[in-house]
Chemist: 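Quick one: structure below, then a few questions.
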Number of protein chains: 2
Amino acid sequence: MTEREPDRERLLLGMDIGGTKTVVALARATGEILAESRLDDWASGSWKKDVQTLVEHARVLLRGAHLPQDALHALGLSVPGPLNPVTGIVINAPNLSGWTDVPLVEAFWNVFKIQVLLENDANAAALAEWRFGAGQGTHSMLYLTMSTGVGGGLILDGRLYRGASFQAGEVGHMPIVPSGRPCACGLRGCLEAYVGGAALADQIREDVARGEAAAILELAGGDPAQISAELWVEALRQGDDYARRLRHEFLGHLSQGLAILTQIFDPGAIVLGTIVRENPELFLDELRERVYEQVWPSLRNVRIEPARLGARLPAYAAVCVAALEPPDLSPSGSSST
Amino acid sequence: MTEREPDRERLLLGMDIGGTKTVVALARATGEILAESRLDDWASGSWKKDVQTLVEHARVLLRGAHLPQDALHALGLSVPGPLNPVTGIVINAPNLSGWTDVPLVEAFWNVFKIQVLLENDANAAALAEWRFGAGQGTHSMLYLTMSTGVGGGLILDGRLYRGASFQAGEVGHMPIVPSGRPCACGLRGCLEAYVGGAALADQIREDVARGEAAAILELAGGDPAQISAELWVEALRQGDDYARRLRHEFLGHLSQGLAILTQIFDPGAIVLGTIVRENPELFLDELRERVYEQVWPSLRNVRIEPARLGARLPAYAAVCVAALEPPDLSPSGSSST
């Protein structure tokens, strides 16, 4: 080992790209966010035009921070939907029209000529909560998005685990009820079909059609199309009976899912986004209790925590991607000779 | 980087320690087994005496191979039951009386003064099938023992994944049926309670008490205590109707478990031991088909394979433990800055 000159500051640029909202952030190598800005309803229908928009936006951010482009060390891209972090291609980004088979890493490399890393948004969020949020200090942490759908990211032994074809962490689509409720993904009985926001709204609408869930229908102004998981939570806060029964079922399915994950992973922490993060007092105590009933006593030290970053998540998520090393695809790892 | 002299040959000693059977093996660093021997019904009821027996046995093996003790580079110990690979303590080894809180690594270090590594037998078997058996060439592989109980080992991104308290991989105890069949572990509805050998025998005995499973009872010589998963397989080969119904249920539960694992891990391969390994033609085709029905089309390239090592498994398993690096417990891994 030879001594090296201390690096001059190497900044990270991150972009958390979504159909309705995109966040661009500039950060130190430590993750400290220096500047951040947000674009709403920005997508044009052409990915090439969208990349130009993002590049211009990044340049504005750099100028605002009085920094030259060559201060950048790496760019991290957090994108929803299936993608390949090795080839840098976004296969398909839901809610971004025209984004099919997009060579996104190449497109940004051509502009910035720096390392460009691509990761799906659930993995990026998991990295962010692990480094800067509720998963800090753990060696292994599982993150569940708990939003419209249920995505997941797995941090195992201090590393993002991506799977053989970069699809690992789809915990929302583990079949917990054989031949159960149809899921938006096309399978049946997925965890998401019982605890995802869109699936919960569907279930409430079915129950409304059977004459139940009157309080939620009222909150929706009598329009079933306006029913949402948020209105369920509102009815729950008002002590509505139907909403409480649905909560009991929700916690039953979610606790089974988390118990499965605990027995398989023996994780240091499971971190839960959106629905649980925004309403911890409505769910967390009973959720923990019901998970612990379904796992070995020796595994009950797993921390089950709401996510912490909230509105700061997208910026941290994208910056964490910029801080990754490129995926290591060597056939054998470091732990065996 | 400086050039180094090629190492002189560094041999590995492995011990796969069990209550009824123990295998001691000597191997090259590449894993090539040079000598192997087996002890049956060897345990004395005192762990200290048992360690002496194993040490003597290892010395006989070395002498037989005309090798001095200092040719050994590392010793790997594969042991059933809960243990701590960092402290080197076996908390409790079922079927080995007197083995409670055994400082096993220290005991062997005092004799051999070489690196001693300790791992549970399911993890060791997973490493062996990954390096030398059905998991070769994969980056991530899950191994299920499928014997009396259902143990598991997880090789992820080319490394053994142990979990926060070294209990990862307990895939046999994921709750697949909430409040389902009681499991030997004390929980209910575990995968093992539906597909483990002992649980299957229990279920057949219950059905016998209800007047079913006559063919299996006959194979057991009319003695319910003699009923076993092996006799179920025999009845299945004879085309018995009850045995075929049980097979249908067995494959239903096992395929659900493997589908859950596939959606979570996106593994390169899932490797199955004992029951499936010994009878692939009875189970494998339908098992694959039923797993594929329950996972995303993009994940159906997962290989579902019988284990390959068979009788050679214990020696390879112990040698693979000897070839491990000590567990890395640094709080953050190599993939993030």
Side-chain angles (χ1 to χ4, degrees), chain A residues 29 82 127 131 137-140 152 154 156-171 173-176 178 185-190 252 256 259-261 263-268 294-299 301-302 320 323-325 328-337, chain B residues 29 82 127 131 137-140 152 154 156-171 173-176 178 185-190 252 256 259-261 263-268 294-299 301-302 320 323-325 328-337:
Chain A
L127 285 164
R131 287 192 60 194
T138 62
H139 207 59
S140 296
L154 313 175
L156 304 178
D157 284 340
R159 292 174 192 90
L160 175 64
Y161 173 71
R162 294 179 176 90
S165 52
F166 316 113
Q167 297 177 82
E170 289 294 356
V171 299
H173 301 280
M174 56 170 140
I176 58 164
C185 76
L187 299 177
R188 298 186 81 94
C190 298
Q256 183 191 355
I260 288 172
L261 294 173
Q263 287 289 144
I264 292 175
F265 285 102
D266 177 16
Q294 296 175 75
V295 302
W296 288 355
S298 56
L299 288 167
N301 48 3
V302 58
C320 282
L324 284 172
E325 286 182 16
D328 168 19
L329 289 184
S330 63
S332 71
S334 64
S335 73
S336 52
T337 15
Chain B
L127 285 165
R131 287 192 60 195
T138 63
H139 208 57
S140 297
L154 313 175
L156 304 178
D157 285 339
R159 293 175 192 91
L160 175 65
Y161 172 71
R162 295 179 176 91
S165 51
F166 316 114
Q167 297 176 82
E170 288 295 353
V171 299
H173 301 279
M174 57 169 140
I176 57 164
C185 76
L187 298 176
R188 297 186 81 93
C190 298
Q256 184 190 354
I260 288 172
L261 294 172
Q263 287 289 143
I264 293 174
F265 285 101
D266 177 15
Q294 297 175 74
V295 301
W296 287 355
S298 55
L299 288 166
N301 47 3
V302 58
C320 282
L324 284 172
E325 285 182 17
D328 167 20
L329 290 183
S330 63
S332 71
S334 62
S335 72
S336 53
T337 15

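Keep in mind it's a predicted model, so treat the numbers as computed, not measured. Chain naming here is simple, since letters A, B, ... match the order of the sequence lines and numbering starts at 1 in each.
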Chemist: Measuring from A:Gln294:CD to B:Cys190:SG, what's the distance to the nearest 0.5 Å?
Modeler: 10.0 Å
Chemist: Looking at every heavy atom in both B:Trp296 and A:Cys185, which two are closest together, and how far apart are they?
Modeler: NE1-SG, 3.4 Å
Chemist: Find the one option among A:Gly169, A:Gly252, A:Gly186 whose heavy-atom pairs under 4.5 Å with chain B are most numerous.
Modeler: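 The candidate making the most pairs under 4.5 Å is A:Gly169.
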Chemist: Please find the pair of heavy atoms, one from B:Ser298 and one from A:Ser165, that lie closest to each other, and give the distance.
Modeler: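 It is O-OG, 4.3 Å.
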Chemist: What's the separation between atom CG in A:Leu299 and atom NE2 in B:His173, rounded to the nearest 0.5 Å?
Modeler: 10.5 Å
Chemist: Taking A:Gln256 for the side chain and B:Pro178 for the main chain, is one N or O donor matched with an acceptor at less than 3.5 Å?
Modeler: no
Chemist: Looking only at heavy atoms, which two atoms of B:Ile264 and A:Leu154 are closest? And how far apart?
Modeler: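 Closest heavy-atom pair between B:Ile264 and A:Leu154: O-CD1, 3.6 Å.
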Chemist: Do you know the tightest heavy-atom contact between A:Phe265 and B:Tyr161?
Modeler: O-OH, 2.8 Å
Chemist: Considering only heavy atoms from C-beta outward, does the side chain of A:Gln263 approach that of B:Leu187 to under 4.5 Å?
Modeler: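 A side-chain contact exists here, since the closest heavy-atom pair is under 4.5 Å.
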Chemist: By a 4.5 Å heavy-atom criterion (distance strictly below it), what part of B:Pro175 contacts chain A: side chain, backbone, both, or neither?
Modeler: both
Chemist: Atom CZ of B:Phe166 and atom CG of A:Asp266: how far apart are they, to the nearest 0.5 Å?
Modeler: 9.0 Å
Chemist: Out of B:Leu156, B:Asn301, B:Leu261, B:Val171, which one racks up the most heavy-atom pairs below 4.5 Å with chain A?
Modeler: B:Leu156
Chemist: So for A:Val295, is it side chain, backbone, both, or neither that comes closer than 4.5 Å to the heavy atoms of chain B?
Modeler: backbone
